[in-house]
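In what follows, every chain begins at residue 1, and chains take the letters A, B, ... in the order their sequences are listed. Since we're looking at a predicted model, the values are computed, not measured. Keep in mind that the numbers below use all heavy atoms, side chains included, and drop hydrogens, waters and symmetry copies.
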There are 2 protein chains.
Amino acid sequence: MATHGTRGRSGGRPTLEEVAARAGVGRGTVSRVINGSPRVSDATRAAVEAAVAELGYVPNTAARALAANRTDAIALVVPEPETRFFAEPYFSDMLKGVGAELSDTEMQLLLIFAGSDRERQRLAQYLAAHRVDGVLLVSVHADDPLPDLLAQLEIPAVISGPRSAAETLTSVDSDNYGGARQAVEHMLSGGRTRIAHITGRLDVYGAQRRVDGYRDALRDAGHAADERLIEPGDFTEDGGCRAMTNLLARCPDLDAVFAGSDVMAAGARQALREAGRSIPGDVALVGYDDSAIARHMDPPLTSVRQPIEEMGRRMIDLLLAEIADRRPPASRGLERRQVVLATELVARASS
Amino acid sequence: MATHGTRGRSGGRPTLEEVAARAGVGRGTVSRVINGSPRVSDATRAAVEAAVAELGYVPNTAARALAANRTDAIALVVPEPETRFFAEPYFSDMLKGVGAELSDTEMQLLLIFAGSDRERQRLAQYLAAHRVDGVLLVSVHADDPLPDLLAQLEIPAVISGPRSAAETLTSVDSDNYGGARQAVEHMLSGGRTRIAHITGRLDVYGAQRRVDGYRDALRDAGHAADERLIEPGDFTEDGGCRAMTNLLARCPDLDAVFAGSDVMAAGARQALREAGRSIPGDVALVGYDDSAIARHMDPPLTSVRQPIEEMGRRMIDLLLAEIADRRPPASRGLERRQVVLATELVARASS
DNA sequence: AGGTACTGTGGGAGCGCTCCCACAGGTGAT
DNA sequence: ATCACCTGTGGGAGCGCTCCCACAGTACCT
């Protein structure tokens, strides 16, 4: 009789109803106070808050999620094996920005790795179950099916580097085009005229944009286009070394190199050294990313810094806005949002 | 009339009830199939599974959590700022083991940092709301209040290094005592007799156990105890350097040093070098952790390896068992579980 | 024949919340 | 005085599941 209908509750955390009884109000009113609705009188609000404090009431997330059809959680999906995640400062910076922006929110951040097929399978299940209100996607390759899955499931998502100029998802990116221009203009102003470029993998949109920036900066400075100064790389150190070797063979008169990443710049440095070219005496060298490698290279590498932490913050802003917009399913879609953040050239001894 | 009572469901994921209708069975039966109950006939199970596949049914986690009073999630709590998490390979190894062991489970892993006061506050709320079924605690200091909070909230938890010999939480640890013995015995067998020890912070239980192992190994080999050979360190490189300097001043005749961590060994190496002692010629040096530092030191450092990944796996095993045990709240408590895993000496040039 | 025991199944009740309708009481225009 | 329209409030219905009781059917004992 006493325990009628009281199934699993051993210790028994207080419920909304109990708080309501204690405060002498109705359930709806307590709910309104908890959720910060303005339509509550000051006196009532105070009474409810007192009851909440006395009882140590904490809302039941599952009940709320079920009733309101939301989870108050978002996922940061990293389509890489965990190893890379820990190896690259990119992710830790991103996480810092995301965490900071989220810290005055009720939202909970989930970190999900989707490196292996198996993990991707799990993630698909996870998303199908709508266990998060939104998704942050970082470091996505051009042919990744994940963005489309997200679109199909109608889950709000923000991507950290658009897959192409026609990206349909809301995206945040650094100004790859402008960053490349900065690098090239920096070398031009240093008196260099034969500036080569080692590109990143061209199926990565950002790498393409860097090539565009490189080309336009040279053209605007009145230099004739010379496609022989452009050599494709693949973001690896070996690739950078090979590319540099090819460039030296083809254009022995080059006096500067803009590498599409610091790692490739490290490879290029090795090739230059083996060819007996001094840095920056014979050849100026500029990288991209301003990673730890840049600071520790010999000589220290001039590099283009991306505001990764801020990118993380902006991604959260946009995602939260999109989640909020979702509720009234009225006027959606029309304006794609693409935020582009400025880069900064960090000049060091290599140029 | 058509949309009577159908509130938020726009697209409308299928529910248990719909699957039941499709399969021509009752709701309870579908639930039994989904949860792998054996009390279902093969024919019925097949019919239900077909309906699930056709409808693309995915259980609603929130509803399940509410009804069953569990979350199917566990938290890995890191009481450190994120920076340290990324800096130390300890965490990434741990995460790998944990992830592996969890991958054939329905359990979801949450990574929670509790470095700042603010984050700890949040965590307390989080735990009070019982948003996870269990907690994995790594790298906890002796005076941390977190374990007690967990106990008070009756949340199953496993800790990765007991706070003391009287640890009440289930714990997994590497054999600090045995590891220290291995290190000392290795140096003894190399003909060293005056072996010093730079300890870790002694408020860390594991560091104490290493001192115990060091003492006992020497005693068992018939060496008279000499407390002057023991110098306290604090796990930092500077501390290791200072400790080494003190040791050299006090016992110039020492011919070997067992440092309580690789980082301190690096500090000790510097002090030895400055004092003109060669490694391993004049003094043998052995560290603890077998971290990247050990491999890259000059000369490469002999060190004691802890099976961190396996520790992660075992922690999950124990935690899942504890969560399962929880359901029938019958015979609990009596046996504290403390798992200790063997260490391995990795011999390199420094000894 | 009657009993006991098990297997497989259906469906009611309830988990703790949010949403929303209903309604009381106040205010100001007509 | 009448009506319209606010603000603040109570509480019913329902979210999609799990748990468990009830019961039909079959099998095996007395």
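- Along DNA chain C, the nucleotide nearest B:Ala63 and the nucleotide nearest B:Ser41 are compared for position; the residue whose nucleotide lies closer to the 5' end is B:Ser41.
- In summary, the aromatic rings of A:Phe86 and A:Phe91 are positioned with their centroids too far apart to meet the 6.0 Å limit.
- Straight-line distance from the CZ atom of B:Arg39 to the P atom of C:dT9: 11 Å, rounded to whole Å.
- At a threshold of 4.0 angstrom between heavy atoms, the contacts of B:Thr61 with the nucleic acid are absent.
- The separation between A:Arg45 atom CZ and D:dG8 atom P is 9 Å, rounded to whole Å.
- Using a 4.0 Å heavy-atom criterion, one finds that B:Arg27 contacts the bases of the nucleic acid, with or without backbone contacts as well.
- Each of D:dC15, C:dT18, D:dT9 was ranked by its minimum atom distance to the side chain of A:Thr44; first place goes to D:dT9.
- Within the 4.5 Å cutoff, side-chain heavy atoms of B:Arg120 are placed close to those of B:Leu146.
- Considering only side-chain atoms of B:Val40, the nucleotide from D:dT18, C:dT9, C:dG16 that sits closest is C:dT9.
- With a 6.0 Å radius and a threshold of 12 heavy atoms from other residues, nucleotides or ligands, A:Gln121 has its CD atom at or below the threshold.
- With DNA chain D read from its 5' end, the first of the two nearest nucleotides for B:Arg32 and B:Pro59 is the one closest to B:Pro59.
- Contact record, B:Ala128 with A:Val58: CB-CG2, 4.2 Å, taken as the closest heavy-atom pair.
- Atom NE2 in A:His130 sits roughly 13 Å away from atom P in D:dC17 (whole-Å rounding).
- Within a 6.0 Å radius of CG in B:Asp104, more than 12 heavy atoms belonging to other residues, nucleotides or ligands are found.
- The listed nucleotides are D:dG10, C:dT7, D:dC17; the one nearest the side chain of A:Thr29 is D:dG10.
- Nearer the 5' end of DNA chain C, as judged by each residue's closest nucleotide, is the contact made by B:Gly26, out of A:Asn60 and B:Gly26.
- Counting only heavy atoms from C-beta on, B:Ala68 has its side chain closest to D:dC19 among D:dC19, D:dT7, D:dC15.
- Distance, A:Asp72 CG to C:dT18 P: 10 Å, rounded to whole Å.
- For A:Arg13 and C:dG16, a side-chain-to-base donor-acceptor distance below 3.5 Å is absent, hydrogens and geometry of angles not being considered.
- Residue B:Glu17 contributes atom CD, which lies 9 Å from atom P of D:dC17 at whole-angstrom precision.
- Distance, A:Leu66 CG to D:dA13 P: 18 Å, rounded to whole Å.
- Going from atom CD1 of A:Ile34 over to atom C1' of C:dC19 covers 16 Å, rounded to whole Å.
- Remark: C1' of C:dC15 and CD of A:Glu18 are 13 Å apart, rounded to the nearest angstrom.
- Of the options A:Val48, A:Val40, A:Asn35, A:Thr15, a side-chain contact (heavy atoms from CB on, under 4.5 Å) to A:Val30 is made by A:Val48 and by none of the others.
- Distances were taken from every side-chain heavy atom of B:Leu16 (C-beta onward) to each of D:dC17, C:dG16, C:dT9; the shortest belongs to D:dC17.
- Closest approach to the B:Tyr57 side chain among D:dT9, C:dC15, D:dC17 is made by D:dC17 (side chain taken as heavy atoms from C-beta onward).
- Residue A:Asn35 places at least one side-chain N or O under 4.0 Å from the OP1 or OP2 atom of C:dT18.
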